[in-house]
Student: 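Just dropping this structure here.
When a residue number appears, it is its place in the shown sequence, counting from 1.
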Amino acid sequence: MPNLHRHEAEKFFVGNNGEKKPFPSIHDRPEKDLSVVVPAYNEEARLPVMMDEAMQFLEKRQKQRSSFKYEVIIVDDGSSDKTTQVALNYSKKYGSDKVRVLTLVKNRGKGGAVRMGVLVSRGKIILMADADGATKFADLENVEAGLNSLKPWPDNLAIACGSRAHLEKESIANRSMFRTVLMYGFHFLVWFLCVRGVRDTQCGFKLFSREAAARTFTALHVDRWAFDVELLYIAQCLKIPIAEIAVNWTEIEGSKLVPFWSWLQMGRDLLFIRLRYLTGAWKMDTTGKLD
């Protein structure tokens, strides 16, 4: 079964007065229109650029629409730098009702960090967004439109995936020949073993209805780079409608992805995803809760 265990310290966030407050659960009633979950591992340098852009967009929307309520949850994935302190500075500036920081005791991997943030979210819809700011935050409007295009959502289930697939033909996202070969090999394995109909499974800009997030992330096993594939595999098994929406994307220096070894690990994970579900070693339990 998926690992939903939390260390005691991971159950709390720092409030406006420095006091510890318990995180809510995704199984509670939503209190916000939007939750933004930002996984961050050693991102003290890149996080401020992304957060400044995101907060400017969200604050502007709130001024234009006073009823709009949002939160940003920054998940420090066991960083060794000052990521948590940088994140807490935003919580102090905007208040802990708008910006909360979840610091993981140990590194779980990107998938594990996103899951931990999603499962304590309060939003009616939940966006996962990378800390590097590679996708322009204003593209939220495009993925929101994509999510709304799927209405009426069956059982309130829907997912909109940001996609960089359109950039391959335009050659905006420049890659070396070696990385291009690895990319196409990975895409073939994704299509052959797990997910069909989604051209770009790895873009870190995805929007979920609350119910879709609860069902997919509680069933998620993979904690590292290939978690997006398992997430969409689970969604397709559950017949959750998925929209793929083109977004603007720029490659940002400082990526934690080591081309050969990370792609090799992801290829191994894809094979494990397929085999473990086929053999029943992994169960698709969508009712789990954090403990």
Side-chain angles (χ1 to χ4, degrees), residues 1-40 58 68-78 84 87-88 90-91 94-129 147 153-160 206-223 227-228 230-232 234-235 237-238 240 282-291:
M1 304 302 292
N3 177 19
L4 299 179
H5 174 71
R6 291 181 293 178
H7 291 275
E8 189 64 23
E10 296 170 349
K11 299 178 181 180
F12 302 92
F13 66 93
V14 178
N16 291 333
N17 298 319
E19 74 282 16
K20 290 185 178 180
K21 292 188 174 183
F23 276 108
S25 168
I26 196 171
H27 300 290
D28 299 336
R29 290 179 62 86
E31 300 176 5
K32 303 291 183 181
D33 296 296
L34 171 70
S35 292
V36 181
V37 176
V38 184
L58 294 168
F68 174 70
K69 297 180 180 179
Y70 74 88
E71 68 172 349
V72 178
I73 301 172
I74 303 169
V75 186
D76 181 345
D77 190 20
T84 286
L88 284 172
Y90 284 91
S91 183
Y94 293 97
S96 62
D97 188 53
K98 288 185 176 180
V99 181
R100 294 182 173 180
V101 182
L102 169 55
T103 301
L104 303 183
V105 174
K106 294 182 179 180
N107 176 264
R108 288 177 178 256
K110 183 180 177 182
V114 174
R115 176 175 57 197
M116 298 301 282
V118 165
L119 295 183
V120 298
S121 297
R122 295 176 288 165
K124 295 176 183 177
I125 57 175
I126 300 169
L127 175 74
M128 54 175 269
L147 198 70
W153 301 337
D155 298 321
N156 291 316
L157 299 168
I159 299 173
K206 293 181 175 68
L207 187 65
F208 303 80
S209 67
R210 186 174 183 83
E211 186 62 30
R215 293 198 190 182
T216 54
F217 279 96
T218 53
L220 185 69
H221 296 80
V222 176
D223 281 340
F227 83 96
D228 301 80
E230 188 195 358
L231 199 69
L232 295 174
I234 293 167
C237 288
L238 297 177
I240 298 175
W282 282 358
K283 305 295 183 184
M284 200 172 291
D285 181 7
T286 61
T287 62
K289 295 184 179 182
L290 291 172
D291 63 12

Student: Decide whether Asp76 and Thr84 meet the rule of one side-chain donor and one side-chain acceptor closer than 3.5 Å.
Tutor: yes
Student: With no hydrogens and no angle check, is any side-chain donor or acceptor of Arg210 less than 3.5 Å from a backbone partner on Ile126?
Tutor: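 Answer holds: no.
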Student: How long is the gap from OH on Tyr94 to CD on Glu71, to the nearest 0.5 Å?
Tutor: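 Separation between the atoms: 16.0 Å.
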Student: Can you see which heavy atom on Ile125 is nearest to which on Ser209, and at what distance?
Tutor: CG2-CA, 4.3 Å
Student: Would you say the side-chain atoms of Glu10 pair up with the backbone N or O of Val105, donor to acceptor, closer than 3.5 Å?
Tutor: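 Yes; judged by distance alone, with no hydrogens or angles, the pair exists.
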Student: How many angstroms lie between atom CG of Leu157 and atom CZ of Phe208, to the nearest 0.5 angstrom?
Tutor: 12.0 Å
Student: Taking C-beta and beyond as the side chain, do Leu34 and Leu58 meet within less than 4.5 Å on heavy atoms?
Tutor: yes
Student: Grab the two heavy atoms, one from Ile26 and one from Val118, that are nearest each other, plus how far apart they are.
Tutor: CD1-O, 3.5 Å
Student: How about Tyr70 and Leu127: do any of their side-chain heavy atoms sit closer than 4.5 Å?
Tutor: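 No, every pair of side-chain atoms sits at 4.5 Å or beyond.
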Student: Any sub-3.5 Å donor-acceptor pair from Glu230's side-chain atoms to His221's backbone N or O?
Tutor: yes
Student: Look up atom CD in Glu211 and atom NE2 in His27, then write down how far apart they are to the nearest 0.5 Å.
Tutor: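 With rounding to 0.5 Å, CD (Glu211) is 9.0 Å from NE2 (His27).
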Student: Is the backbone N or O of Arg108 less than 3.5 Å from a side-chain atom of Asp77, with the two atoms forming a donor-acceptor pair by type?
Tutor: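 Pair found, side chain donor or acceptor close to backbone of Arg108.
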Student: Of all the heavy-atom pairs spanning Val101 and Ser91, show the shortest one and how long it is.
Tutor: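 So the minimum-distance heavy-atom pair works out to CG2-CB, 4.5 Å.
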Student: What are the two closest heavy atoms between Ala87 and Val99, and how far apart are they?
Tutor: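 Result for this residue pair: O-CG1, 4.3 Å.
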Student: Can you tell me how far CG of Leu220 sits from CG of Asp228, rounded to the nearest 0.5 angstrom?
Tutor: 9.0 Å
Student: Between the side chain of Asn16 and the main-chain N/O of Ser96, is any donor-acceptor distance below 3.5 Å?
Tutor: yes
Student: Which distance, rounded to the nearest 0.5 Å, do you find between the CZ of Phe13 and the CD of Glu19?
Tutor: 8.0 Å
Student: Do Arg100 and Val120 have side chains that get closer than 4.5 Å, going by heavy atoms?
Tutor: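 Counting from C-beta outward, Arg100 and Val120 never come under 4.5 Å.
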Student: Backbone N or O of Gly111 within a donor-acceptor pair of the Arg115 side chain at under 3.5 Å?
Tutor: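 Between the backbone of Gly111 and the side chain of Arg115 there is no qualifying donor-acceptor contact (under 3.5 Å).
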Student: Please check: side-chain N/O of Asp33 versus main-chain N/O of Lys69, any donor-acceptor pairing under 3.5 Å?
Tutor: yes
Student: What is the distance from atom CE of Met284 to atom OG1 of Thr216, rounded to the nearest 0.5 Å?
Tutor: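 That separation rounds to 10.5 Å.
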Student: Decide side-chain contact (heavy atoms from CB on, under 4.5 Å) for Leu102 and Arg6; before the verdict, give the C-alpha distance in whole Å, the side-chain angles of both, and the deciding distance to 0.1 Å.
Tutor: CA-CA 11 Å; Leu102 169 55; Arg6 291 181 293 178; over 6 Å; no
Student: Determine yes or no for a side-chain-to-main-chain donor-acceptor pair under 3.5 angstrom, with Trp153 supplying the side chain and Leu147 the backbone.
Tutor: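 Judged by distance alone, yes, a pair lies under 3.5 Å.
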Student: Are any of the side-chain nitrogens in Asp97 or Lys21 under 4.0 Å away from the carboxylate oxygens of its partner?
Tutor: no
Student: I'd like to check Leu119 versus Leu4 (side-chain heavy atoms, cut-off strictly below 4.5 Å). Are they in contact?
Tutor: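 In short, these two side chains touch, coming nearer than 4.5 Å.
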Student: Can you confirm whether more than 12 heavy atoms, excluding those of Lys11, are under 6.0 Å from its NZ atom?
Tutor: yes
Student: Do any N or O atoms from the side chain of Arg122 and from the backbone of Ser35 form a donor-acceptor pair under 3.5 angstrom?
Tutor: no
Student: Tell me if a side-chain donor or acceptor on Ser121 pairs with a main-chain N or O of Gly117 at a distance below 3.5 Å.
Tutor: yes
